[in-house]
K.L.:
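If you scroll down you'll find the structure; I have some questions about it.
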Amino acid sequence: QDKTYTIGVSVPTADHGWTGGVDFFAQQAVDRLQKAYPNLKFVLATAPDSTKQAADLEDMVTTRNIDGLVILPGDPDAMTASIKKVKDAGKWVTVVDRALSQPGIPDLYVAGDNPGLGKTTAEYFKQAMPNGGNIVVLRGLPIPIDKQRVDAFMAGIEGTNIKVLDQQFANWNRDDGYKVMQDFLTKYPNIDAVWAQDDDILVGALKAAKEAGRDDKMWFVGGAGMNQIIKMVEAGSKQVPVDVSYNPNMVATAIDLTALHFVANAQVDGTMIINSTLITKDNAAQFDYPNTPF
Amino acid sequence: MSTAATEQQTPPPRPARIRFRLGALGPLLALLLLMILGAALNGNFLTVANMANIVARASFIGIIAIGATFVITSGGIDLSVGSMAAFIAGMIIIIVNSLVPSLGAGWGSVGIGIAAGLVIGLIGGAANGALVTIGRIEPFIVTLGSLGIFRALITFLANGGTLNLNFQASDTYSPLYSGSLLWIPVPIVIFVLVAIVAEVAMRRTTFGRHIAAIGSNEQVARYSAIKVDRVRLTTYALQGLLVGLAAVLYVPKFGSANSSTAVLWELQAIAAVIIGGTTLRGGFGRIWGTVVGVIILELIGNILNLQNLISPYLNQAFQGAIIIIAVLLQRSRRTTA
Amino acid sequence: MSTAATEQQTPPPRPARIRFRLGALGPLLALLLLMILGAALNGNFLTVANMANIVARASFIGIIAIGATFVITSGGIDLSVGSMAAFIAGMIIIIVNSLVPSLGAGWGSVGIGIAAGLVIGLIGGAANGALVTIGRIEPFIVTLGSLGIFRALITFLANGGTLNLNFQASDTYSPLYSGSLLWIPVPIVIFVLVAIVAEVAMRRTTFGRHIAAIGSNEQVARYSAIKVDRVRLTTYALQGLLVGLAAVLYVPKFGSANSSTAVLWELQAIAAVIIGGTTLRGGFGRIWGTVVGVIILELIGNILNLQNLISPYLNQAFQGAIIIIAVLLQRSRRTTA
Amino acid sequence: MPIEAGTQAPPVLAANRISKSFGEIPVLFSVDFDVRAGEVHAIIGENGAGKSTLIKILSGFEQPTSGTIAYDGRVVTLPPNGEAEALGIVLIHQEFNLAEHLRVVDSIFLGREIARGGIMDLGQMRERARELLQTLHVDVDPNARIDTLSVADKQMVEIAKAISRDARVLIMDEPTAVLSLGETETLFEQIHRLTARGVAIVFISHKLDEVMRIADRVTVLRDGQLIATVEARDLTPDSAARMMVGRELHNLYPPKHEPDVDAPRVLSVRHLSAPGIRDVSFDLRKGEILGFAGLVGSGRTAVAEAIVGLRHRTSGEIEVNGRVAHFASVAQSLAAGIAYMTKDRKGKGLLTNMGLRPNLTLLTLRRHLRGVFLDTGSETRALERAVRRFDIRARDASVRAGQLSGGNQQKLMLGKTMESEPAIIIMDEPTRGIDVGTKQQIYHIIAALAAEGKSIILISSELQEVIGLSHRVLVMRFGRIVGELVGDQISEEQIVRHQMGIEGKAA
Ligand SMILES: Nc1ncnc2c1ncn2[C@@H]1O[C@H](COP(=O)(O)OP(=O)(O)OP(=O)(O)O)[C@@H](O)[C@H]1O
Ligand SMILES: Nc1ncnc2c1ncn2[C@@H]1O[C@H](COP(=O)(O)OP(=O)(O)OP(=O)(O)O)[C@@H](O)[C@H]1O
Ligand SMILES: [Mg+2]
Ligand SMILES: [Mg+2]
């Protein structure tokens with residue numbers, strides 16, 4: 001109990017709402033645990049790209065002598081080699097959300113479920129429009145997790161009469177969500193539903209539809225569980241009947257478990273999947289975290 | 001002899017005028033071609049609604065790019081405009097929210113927030129200007145630095161997440177974005193007003209002349225008793241003020257700001273300025289060209305969304321190509337410094 | 001008379017040397033201060049391991065920034081380097097993977113991949129150069145355009161996902177990044193070699209003299225029998241080649257490429273060049289300064305990781321401030337064009 | 001009101017015991033100077049003597065290291081950067097002070113725009129500009145961009161700019177260096193008009209005949225020392241030259257050695273047309289000095305630039321040593337042994353922000369290669385040679401080319417051109433701004449080059465040197481060759497008649 005441990009936490013820079021949430025929950029967990037366990041020290045670093053994130057890992061090992069690492073790799077494929085180096089240096093490794101391109105590296109993998117998000121959303125669309133309908137898809141950035149979500153969604157609505165009129169990238173960003181939606185509205189006279197894939201995009205898309213006076217003719221599904229959207233679902237909004245969780249909070253879970261490994265050497269290794277569940281009016285309350293900036 | 005002197009000076013300024021007309025043609029030509037392309041691709045392209053959408057969207061970067069035209073004409077550059085806009089939007093939200101309890105959610109709070117936004121912009125811009133003129137640091141470096149600083153500040157203020165405007169306050173505020181003056185959306189009205197004033201300032205005021213002179217040859221300007229540093233600083237302060245104005249219009253749009261707000265607006269603004277025919281090395285600038293440039297950039301995005309031919313993966317490539325072509329239509333008047 | 005002249009003439013250029021030393025002091029001073037800061041913050045900072053890490057990291061942007069020094073000295077700019085690097089990395093992976101079935105995962109396939117990477121870089125750079133020289137388009141616009149194009153191409157090649165290098169191939173390839181030559185990591189060796197060659201090229205070859213002349217006054221260069229367009233084009237081609245080299249070193253480190261690879265490297269490269277004392281308007285450049293500049297940028301990141309005082313949200317602000325200070329230490333020698 | 005002009009009047013502007021150093025380099029040693037209302041006070045002296053520095057101090061652009069300036073008898077510290085114009089002290093700089101991107105009208109009023117509350121009255125500005133240009137008989141459109149003007153027109157714009165300010169003291173630094181007779185006459189008309197109004201004029205020139213004509217008093221500087229201030233009428237060209245150079249100046253022009261008639265044609269131009277010139281044909285023989293006379297803008301530079309591949313050739317043919325040549329660039333013409341020295345030293349000749357060495361060798365870097373590397377040692381030796389041969393005076397070797405005095409810049413450019421050891425040399429206004437002493441040297445150099453079989457095309461607006469050096473003279477007008485003069489036809493009168501179109505082929 002007297003031995004002190006240093007845990008490195010490496011997360012992406014808050015370059016959009018969700019990663020902002022990740023940073024927030026990571027910071028929160030670190031502060032909480034440092035109070036709770038005097039013999040735990042944390043090193044928190046945020047990285048805008050994999051070059052920086054790789055550098056952060058090197059620095060943590062070389063200059064901060066970490067005993068364990070919790071990492072949410074911005075670009076898992078690019079980070080695999082660097083994370084393997086940490087592992088080979090004999091450190092405990094917890095990977096969050098995104099799967100590395102090489103199996104068997106992490107001691108603990110707290111997996112986000114990107115395909116799951118697409119699948120769950122597809123399920124809802126199927127039961128919400130049994131006789132099919134016209135929908136548009138606003139995607140994130142052209143990176144793998146976006147692809148996983150969209151592919152799973154497409155597979156999910158396979159064989160139904162749900163027709164995807166169009167899909168464009170809205171870069172997980174409100175302005176682009178707004179622009180793309182505006183143009184979709186110009187382009188398609190009747191849209192029955194919109195999958196915005198992420199709640200930041202959703203905010204923009206909603207605004208566009210509202211301005212065009214067509215927000216009551218269609219409904220929207222976002223993703224991730226941004227507080228502002230959760231509140232709408234909770235209030236039983238017609239435009240936003242549900243949301244699909246993809247909770248940045250998972251990073252806190254990972255940090256907690258890793259901490260437990262060191263202070264209580266509890267059995268925490270293995271894989272733990274954080275499911276993307278459907279958030280409805282009924283269960284929204286349990287996703288409505290107080291004073292989150294996300 | 002004097003007669004001879006007059007004779008021997010052959011050509012009237014035909015060359016000059018011609019070059020100008022050609023230069024002017026460039027951006028307009030590109031605009032025209034894009035309009036035709038858009039109309040061909042989608043029947044709804046030429047609708048009033050779509051055009052209004054485009055211009056309204058263009059207004060934010062447009063207002064900023066107008067400021068950039070002054071900075072660039074004077075031989076400077078400002079990379080910090082995007083993150084400055086995000087920072088100011090965040091500050092406005094924080095200030096308004098903090099005032100609502102005491103002053104209520106009416107125009108009182110909102111008005112103060114707006115004023116604060118403009119002032120912060122002015123100060124931020126002036127700070128850039130001071131570092132460039134008094135500090136004698138390359139503008140590229142100064143504003144690359146302040147880009148980082150402003151971006152970090154908004155992230156810090158938002159605690160990594162998103163700042164949301166108080167709901168009643170945003171009801172008060174929103175007309176400033178979604179409202180109309182004589183059937184014209186407010187942002188468009190403001191954009192046009194700013195453009196007109198700026199065009200006049202550029203062509204008809206001593207300020208406009210002096211920045212062109214400074215951009216063309218700083219030494220000459222200094223020897224002509226022009227207060228070079230003061231004028232320079234003014235262009236950056238003006239840029240800051242206009243960034244503030246853009247932020248003031250942006251806040252009511254979503255009532256929020258976060259670290260991804262206005263990312264890379266600086267590149268779009270500069271691109272618009274150059275597409276418009278202003279020379280990046282300074283000495284010559286034209287506001288109306290910048291306005292056309294901004295519209296061109298918005299048109300590209302709009303057209304890409306209205307068509308189904310190009311894979312979304314290739315959007316950026318299409319954009320890049322158009323930008324090059326737009327400028328190719330008006331060869332860069334490269335005057336050796 | 002001539003004797004008198006020679007008397008006045010000959011004295012060794014003392015003032016010159018002084019001026020130079022002052023200019024030089026700037027980046028080195030900033031470097032020194034950062035070193036001290038780092039050492040103060042963390043005992044492990046000055047370890048060989050940490051220093052090796054820093055320089056090895058710096059090698060990617062470093063090699064690119066060296067190319068940028070030539071482009072900028074000649075009065076140009078290249079914004080496309082980042083996405084070009086990503087595109088080339090992607091191409092190398094595709095080519096190697098496609099060769100593995102036939103040629104196996106040995107140096108055969110990898111070697112061809114590497115060669116291809118360099119050639120693609122050369123061609124890409126030359127294309128930029130051609131548009132700038134023959135097309136007479138502002139380099140800012142040309143390379144802003146090709147930035148978009150390359151970025152889109154890698155996205156398209158990766159089909160929106162990621163390109164991963166074949167595993168056996170990466171075993172063959174990885175020594176090129178993680179290996180050492182006489183105890184020095186390979187990337188550092190290559191970085192240093194490139195820097196030395198470039199420094200010589202800049203100071204001791206007609207090419208170096210010519211690009212400085214062009215950057216300083218294109219007309220004079222043309223009247224002095226310098227093939228301005230050819231030299232210009234060469235600088236961009238050279239930049240491309242070095243981007244290719246950086247990509248060749250990048251692939252074995254990360255073994256993958258996608259649309260988020262090497263984002264914004266262009267800004268870092270240009271920042272490094274200017275921190276190093278090269279003038280953005282062209283006419284004066286120095287390679288060793290650029291090398292120092294790159295190291296400074298890496299040091300900042302490293303030092304931020306050495307402490308817990310500054311909220312990670314503020315990293316960018318700290319970075320921005322340091323960049324400004326680093327340049328403030330050497331006032332920009334603003335030569336009025 | 002009548003102002004008693006000339007010698008009785010009290011000094012308007014006076015410099016007392018002025019010294020000036022740049023860094024540790026002294027360039028003026030306690031010089032006294034004054035100028036009175038209504039007089040023209042000329043300053044003459046060798047290149048680098050300190051003339052420009054002195055008048056920059058007199059107009060506030062430089063501050064003296066020691067000594068005082070008195071304005072209307074009161075000791076003053078003049079404000080910097082041309083703010084002294086507000087006090088009525090106006091300077092025409094030796095090097096143009098015009099921004100290439102601006103239009104003529106903007107340049108004339110730059111920093112002094114006619115404006116109310118920051119809003120300019122463009123109409124009035126354009127009107128005033130047009131008037132000014134008319135009084136100077138300059139026919140350039142006020143809306144034309146500066147970078148489309150010829151060197152002479154730029155100079156005239158500078159003059160227009162200067163007289164537009166109602167100056168009490170008007171200082172001109174070699175205003176006539178790039179002007180031909182026509183413009184010079186107009187300038188002198190204006191000077192007379194101004195002096196009649198009581199304006200004090202300070203006038204710098206290396207053309208002694210002009211100085212004799214226009215000046216009331218003449219001050220001579222040498223190496224930063226005041227040699228004397230004398231009444232112009234007491235001065236003869238020889239005595240002036242002696243005081244400037246410190247030695248007798250006999251036979252300014254060397255004796256002519258006509259090349260023998262059967263000397264081979266090294267250059268033949270046939271029906272050459274290009275922007276600015278139409279159907280130009282002539283031959284150049286080995287060892288010949290071929291003068292090109294003509295009013296400024298008559299197309300002489302155009303011919304030169306078209307020959308060496310700097311200007312697009314619309315039609316016509318060029319033969320070098322009997323072989324047809326098509327030069328697409330200076331590099332190619334240089335390889336064929338033809339070198340061109342521009343008249344625009346600042347814009348096209350020298351890298352003003354670089355040192356002397358890189359400037360000298362820029363044209364011929366390949367000669368200084370050891371393997372693939374530049375041999376700075378051999379460059380330095382080349383510089384020392386050039387400094388001796390052309391008497392380039394820099395107070396120290398590290399100055400940038402832009403810090404050289406005007407004339408020394410010109411010499412550096414001469415050296416740069418000669419480095420390429422061309423068989424055919426086209427010199428455009430080669431002695432622009434060069435003092436008599438050095439002129440003499442250069443004339444002898446040119447003659448020597450011809451004597452050793454080099455061929456020279458000499459473009460000059462200074463008739464005397466065309467007459468003094470040329471074996472044959474071609475006169476241009478409106479971009480055409482309108483006359484050829486040989487032997488004793490070569491006279492000022494003949495050339496002028498052709499230039500004016502009073503004689504010779506119609507243009
Ligand atoms: N800014 C400067 N820095 C250093 N030396 C300078 C500077 N300006 C002028 N000098 C030096 O001062 C001396 C006098 O220069 P100045 O221009 O006054 O000569 P000048 O009489 O005008 O010659 P010219 O007839 O060729 O114009 C020259 O040796 C010149 O090199
Ligand atoms: N690129 C061009 N296109 C069209 N006309 C031109 C061009 N350049 C010069 N001219 C015109 O051709 C005439 C001669 O041009 P230029 O400037 O060469 O005069 P110049 O040769 O310098 O005169 P000189 O050398 O005899 O003083 C001028 O009237 C000028 O306006
Ligand atoms: Mg002078
Ligand atoms: Mg002179």
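These numbers were taken from a predicted model, which means no experiment stands behind them. Note that these values count all heavy atoms, side chains included, but never hydrogens, waters or copies made by symmetry. Letters A, B, ... are given to chains in the order of the sequence lines, protein chains preceding strands, and every chain is numbered from 1.
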K.L.:
So which pairs with a foot in residues 137-148 of chain A pass salt bridge (charged side-chain N to carboxylate O under 4.0 Å, His left out), sequence neighbours left out?
P.N.:
Arg139(A)-Asp146(A), Lys147(A)-Asp151(A)
K.L.:
Under 3.5 Å, is there a donor-acceptor pair between the side chain of Arg64(A) and the main chain of Asn305(C)?
P.N.:
yes
K.L.:
Chain C heavy atoms under 4.5 Å from Lys41(A): which part of the residue, side chain, backbone, both or neither?
P.N.:
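The answer is neither part of Lys41(A).
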K.L.:
Find out whether Thr51(A) and Gln268(C) are in side-chain contact, i.e. whether some heavy atom of one side chain is under 4.5 Å from a heavy atom of the other.
P.N.:
no
K.L.:
Is it the side chain or the backbone of Asp49(A) that comes within 4.5 Å of chain C heavy atoms, both, or neither?
P.N.:
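Just the side chain, heavy atoms under 4.5 Å.
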K.L.:
Would you say CZ of Phe156(C) has more than 12 non-hydrogen atoms from neighbouring residues, nucleotides or ligands within 6.0 angstrom?
P.N.:
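Not buried by this count: 12 neighbours or fewer within 6.0 Å.
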K.L.:
Distance-only, no hydrogens or angles: does the Asn42(C) side chain make a donor-acceptor pair with backbone N or O of Thr63(A) under 3.5 Å?
P.N.:
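The answer is yes, because a donor-acceptor pair under 3.5 Å joins these two groups.
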K.L.:
Salt bridge (Lys or Arg N to Asp or Glu O under 4.0 Å) with Lys119(A): which residues, sequence neighbours excluded?
P.N.:
none
K.L.:
For the side chain to side chain contact (heavy atoms under 4.5 Å, CB included) test, which of Asn53(C), Asn50(C), Ile54(C), Asn302(C) pairs with Glu58(A)?
P.N.:
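Among Asn53(C), Asn50(C), Ile54(C), Asn302(C), the one meeting side chain to side chain contact (heavy atoms under 4.5 Å, CB included) with Glu58(A) is Asn53(C).
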K.L.:
For Gln316(C), is it the side chain, the backbone, both or neither that has a heavy atom under 4.5 Å from a heavy atom of chain A?
P.N.:
neither
K.L.:
Please state whether the side chain, the backbone, both or neither of Phe42(A) comes within less than 4.5 Å of a heavy atom of chain C.
P.N.:
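When you check distances to chain C, only backbone atoms of Phe42(A) fall under 4.5 Å.
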K.L.:
Treating Thr162(C) as the side-chain partner and Asp77(A) as the backbone partner, does any N or O pair qualify as donor plus acceptor under 3.5 Å?
P.N.:
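No; judged by distance alone, with no hydrogens or angles, the pair does not exist.
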K.L.:
Check whether Asp75(A) gets within reach of chain C through its side chain, its backbone, both or neither, counting any heavy atom under 4.5 Å.
P.N.:
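For Asp75(A), the contact with chain C is made by the side chain alone.
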